[in-house]
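So the structure is just underneath, and the comments pick up after that.
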Amino acid sequence: MEFLKVNHLKVYYPIRSGFFRRVVGHVKAVDDISFQLNRGETYGLVGESGCGKTTTGRTLIGLIKATAGEILLEGKDLAKLNRRERSYHRKDIQMIFQDPYSSLNPKKRVLDIIAEPIRNFEKLSPQEEKRKVQYLIERVGLHPDSIYKYPHEFSGGQRQRIGIARALTLHPKLIIADEPVSALDVSVQAQVLNFMKDIQTEFQLTYLFISHDLGIIRHMCDRIGIMYRGQFVEEGASQEIFNNPQHIYTKRLISAIPNVDPRKKQEQIKLRQHVEKEYKLSWQRYFNAEGKAYPLKRISDTHSVAIL
Amino acid sequence: MLKFILRRIMMMIPQLLILSILVFALAKAMPGDALTGQLAQSPKMDANTLMEMREKLGLNDPVHIQYVRWVKNLLHGDLGLSYIHQQPVTDLLSGRLANTLLLSACVLLLTYLIAIPLGLVSGRWQDSWADKLIVGYSYVSFATPLFIFALVMLFVFGFKLGWFPTGGSVDIQVEKGTLDYYINKFYHLLLPALSGALIGTVGIIQYLRSEIIDTKVKDFVKTARAKGIPESKIYSHHILRNSFLPIAAFLGYEITGLIGGSIFLESIYSYPGLGQLFLQSIMQRDYSVVTALVMISGLATLIGTLLSDIILSAVDPRIRIE
Amino acid sequence: MRANLNDSQQIAKDVSQSPSSLFILWREMIKDKLALISLVVLSCILLIVYGSALFLDQDKIVKVDLLSIYAPPSAEHWLGTDYGGRDILGQLIIGARNSFTIGLLITLLTGFIGLAIGLIAGYYGGIIDNVIMRIIDFILVLPFLMLVIVFVAIVPKYNVFTFILIMSAFLWTGKARLIRAKTLAERELDYVSASKTLGTPDWKIMIREILPNLSSIIIVNLTLNLAGNIGIESGLSYLGFGLPESTPSLGTLVSYATNPDVLQNKWWVWLPASLLILVIMLCINFIGQALKRAADARQRLG
Amino acid sequence: MSNQPVLQIENLRVSFRVHDAYYAAVDGVSLNVHKNEVLAVVGESGCGKSALALSIMGLHPPAKTKLEGKILFHGTDLLSLSVHELNKIRGKDIGMIFQDPLTALNPLMTVGRQIEEGMDFHLSLSSLEKRGRTIELLERVGIPNPNQVYHRYPHELSGGMRQRIVIAMAIACHPSLIIADEPTTALDVTIQSQIMDLLRELQQQMNTGIVLITHDLGVVAEMADRVAVMYAGEIVEMADVYTLFDRPLHPYTRSLLQSIPSAQHPKERLHVIQGIVPPLQKLPRTGCRFRSRIGWIDESEHEEQPILREVEPGHFVRCICYKNFHFPHDHIGDMKYGIS
């Protein structure tokens, strides 16, 4: 059985216009997507700003209400659960946020930040609670005494690890990481990425890794879904996507990444021009009249592309 | 643009409706009706005649019918009859309305004339001695209640120094329509208007100042500097236009302030305007006048907010889009 | 995507931001000499007013004494007497106590209502917010002063509490708007999203997570409002539509100056009360402005 | 590139006032930019690269900043000029491109007006000529329907379009030097590549020198001719782009290159630089500024007064610690995730 299965998920926002502010259409932030996550893997959701990747992540965790579709976690539809069941299942999915500054309440001590979920779900004595928080804070590589400090006393990378410790307190099965390193400097990025890999094996986590940075996605993910205007245009194993991209949008995205080898500069520019030419010539093959992608078509066991 | 204004006016309709209901409810809640005043003047009227007259005036009709009639009359410019003066409220208002409008316009004009230059200087040369002085002035005037300030102004400039008249809107002996008449009128206006303006500037000074200080560190100002545009042009083309936005947004509330201010100013300077009339009427329990005045003031504020929204949309292209 | 801080922002980020906003505000404020002096002066005034009001017999002060009408200051009546021969100093103290207490009560009441409604509107957004904001916008365009006067005139069994209620019915709106705007901004921050994903109930998020982050703004706003409310109360009392006649206010003393003779020749009747209102309001304002500067500076740094 | 450099920076110090003391964010930087050359200044946040860029344009608030050293533009020291004199140069001979195209444009002015504005002061053109030139510029930066876009407001355009407008503003008067401060950071990858292509193309047409400020090593590799790596206010290594990526010497440069995921070895563990970039007030002011972050290297390996030394023609490195530098064999630094 799949660990997480998303079926025909849609998130629409009404557009109001005219004299009486009538609903004249919808912004289709997420427009009918289906995918699944296997236990223990890292699934990457990639796309440019506004493609709906963040909305997808936030819908899965319940911060945004889905307009339609199913979200099945170990076979249970999260949207159909009642309040109590949902709050119980909430423990299984946790989130790592993008901005290490705004994701920690500046007025709370680290102890209170990490203990927040414990206080919601478990009744622990203050001593037990403190012991648990200290264990977690040590596990993310911070000194146990730092639980009495406030977030501003930590650097960006350390704050991001405090956020991860908070997400780990309830022993989740799935972690949604929404651009977890894009607000950090390169060297700090490495720190957080390594750490995420370490705890994945230790806590047996499944990751939904949302990012716009293809380099990081390639480094972290086993399978990748490429999103464009609320839809999937391609999905497949990491190597397949990077070595054998099929959809023109994927090709554009990959060719746009600057190469870290200056000697390949010309090559990269040529590739980009080539892809751009193909994009202009064969646009209709990949997009319909409204500029939307076609439904995904399976081209191998693991690789699907949205073409006619 | 036109569509925006139309929609904005449409949005005013429910507000107007609620306002009129509120004012009507207040009128009903006030003790006495149109006949109470007449009763006081001709105490010999017997109960039967009274009943008849009530019936004739429709005062025994159901409330909603009375309300509809009241609104209809309102739309025709009929504000009812003053119980005390026994004349239509509109007649009572006409002369005073002009006075109050004149005073309010003067206060508003003086406020902007004083506040805008001060705000500009204060924001542009932040932390200079001039800025510190202006900020000091704004703190003091923010803390001073209008009625005390006006009273002290009257005491000092009216009574002690005798530079200004201490009451009225014009001297009786001056002939109407002559140049002297207008000068005399303005002379009477100056002290109350100045008192109101000097206290009223604070909000604008402080907003303008902080808006300029915020705007001048924005990226697009850096861009303008990087283009080699002289400092004076950077202020006139980039900073000021952006900083004036919140002031335009203020206009509606400015009018609420003016209405409140005119009550104090007119009572202190015994200036024959609507504010003074309002106080007199409420003390004499002349409620039809009170109702009319509340309705007019509410309308004025609504129009003020409408105006400020239209100005805003004219200045800021971002508001124009749907 | 990536927010590269420039250097000056970096400096700002490094300046320590202490968690207790109350403490920080206090520390910043007492650095401001003017605010510190204001605080001392205000404390002295309040101490004297509330202290001596305990020993004053209100009935004796408001008792008419026809033998000493408009007596100028003397050893017996330090600040002279009014048209009823009543001691001005005594009225001043009782009036200051009443004005301040009522201003404070109005501030607290409107603060509470504004906070609750602002938090709810800002946090839930959507239709709730829309409805609340429409109501607030409507109340804000009403001619506040006129309506208060009308209410005061027509309310049956008018007393101090009805006065406080009438004032509060209008004055909560500004605060609700402010709190709503700030809550709206805080709500978008990820720490609120995080709390939601951690299963924290909405009321707890509002009170435990968002509220502490608004505390400095609330304190500043309440302080400045306190001064404003004292001003409005004394203004209304000046017009004769404030506190009931049995409850002397500073505004009542000033209102004797509507008589030109008193204004011109009997300064002891109205001037001390005017000055006292001015001093109290200035002190509170200086404290409030200092708090505001401290809060703004912290916001820029934070 | 044998001719006189367009820009010569000599021993520049940029200090900011914090409370009552000044702290140098740029500390003794010297560099040259030639005609037709892209010099990339690369480093992490807080290294002083943006402060460097703004000081060339004179955009720091004078009351809070102290500038020392020389910034020679075609031989004139920009730091000795009055604002009035500087205004004749910036916008005309030096153009600037900013990071965030949304905030860099005035929301209340049409884009056409904003591009023309610089010409008002630098070129004597009739309004018709200005208009024609603006339309031409819009075309040149790849904007479709320039005649319509001329009348648009910034909020009506996409992020990529806005950045093209900002570029059009920067090149409006044919500058001989362009300062580009993170020009692609706020943009999506596909837009980023388009903007990079555009910049490269414009530079070849106009023979301008470009100072490119960035944190992205990929952008550096693709755009730069020469690279200066900055750490803690100093240049720690400077070389042409091929040398720098082939033979990086300074421990900081090497660590940076090791810490980004590589396309060749995608799943390999990343190198973690220990510790954090110290805040401005706590920057080490003596010795090798990077030494605390490579603690496993013996103190004696560093110089007491490190200077930028030419180790091969055109390749400069600060401090001698690069000679015996090696990465830690175990993952000690990594395991602790840089506890400070």
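All values below come from the heavy atoms of this structure, side chains included, with hydrogens, waters and symmetry mates left out. Below, read A as the first sequence line, B as the second, and so on, with proteins coming before strands; counting in each chain starts at 1. None of these values were measured; they are calculated from a predicted model.
Considering only heavy atoms from C-beta on, D:R269 comes within 4.5 Å of A:D198 through its side chain. Under the 4.5 Å side-chain criterion, counting only non-hydrogen atoms from C-beta, D:M196 is in contact with A:P258. For the pair A:D261 and D:F245, the minimum side-chain heavy-atom distance is 4.5 Å or more. D:I260 places none of its side-chain heavy atoms less than 4.5 Å from the side chain of A:H219.
Checking D:S259 against A:Q189 by side-chain atom types alone, no donor-acceptor pair falls below 3.5 Å.
Neither the backbone nor the side chain of A:C51 comes within less than 4.5 Å of any heavy atom of chain D. Interface remark: D:E222 contributes backbone and side-chain atoms alike to the contact with chain A (heavy atom separation under 4.5 Å). For A:L193, the part lying near chain D is the side chain, with the backbone staying farther off; criterion is any non-hydrogen pair under 4.5 Å. In this structure, chain A has no heavy atom under 4.5 Å from any part of D:Q258. For a residue to count as touching a neighbouring chain, one of its non-hydrogen atoms must lie under 4.5 Å from one of that chain's; by this rule A:R218 touches chain D with backbone and side chain alike.
For the set A:K265, A:M220, A:K197, the count of heavy-atom pairs under 4.5 angstrom toward chain D peaks at A:K265. When each of A:R252, A:R272, A:Q273 is checked for heavy-atom pairs under 4.5 Å with chain D, A:R272 comes out on top. Annotation: maximal heavy-atom pairing with chain A below 4.5 Å, among D:Q192, D:Q194, D:R200, occurs at D:R200. The candidate from D:T190, D:L217, D:V241, D:V189 with the greatest count of non-hydrogen atom pairs under 4.5 Å with chain A is D:T190.
Expressed to the nearest 0.5 Å, how far OG of D:S193 lies from CD of A:Q268 amounts to 9.0 Å.
At least one donor-acceptor pair under 3.5 Å links the side chain of D:E44 to the backbone N or O of A:S187. In this structure, D:D188 contributes its side chain and A:E48 its backbone to no donor-acceptor pair below 3.5 Å.
For D:E312, the CD atom is densely surrounded, since the number of other residues' heavy atoms within 6.0 Å is greater than 12.
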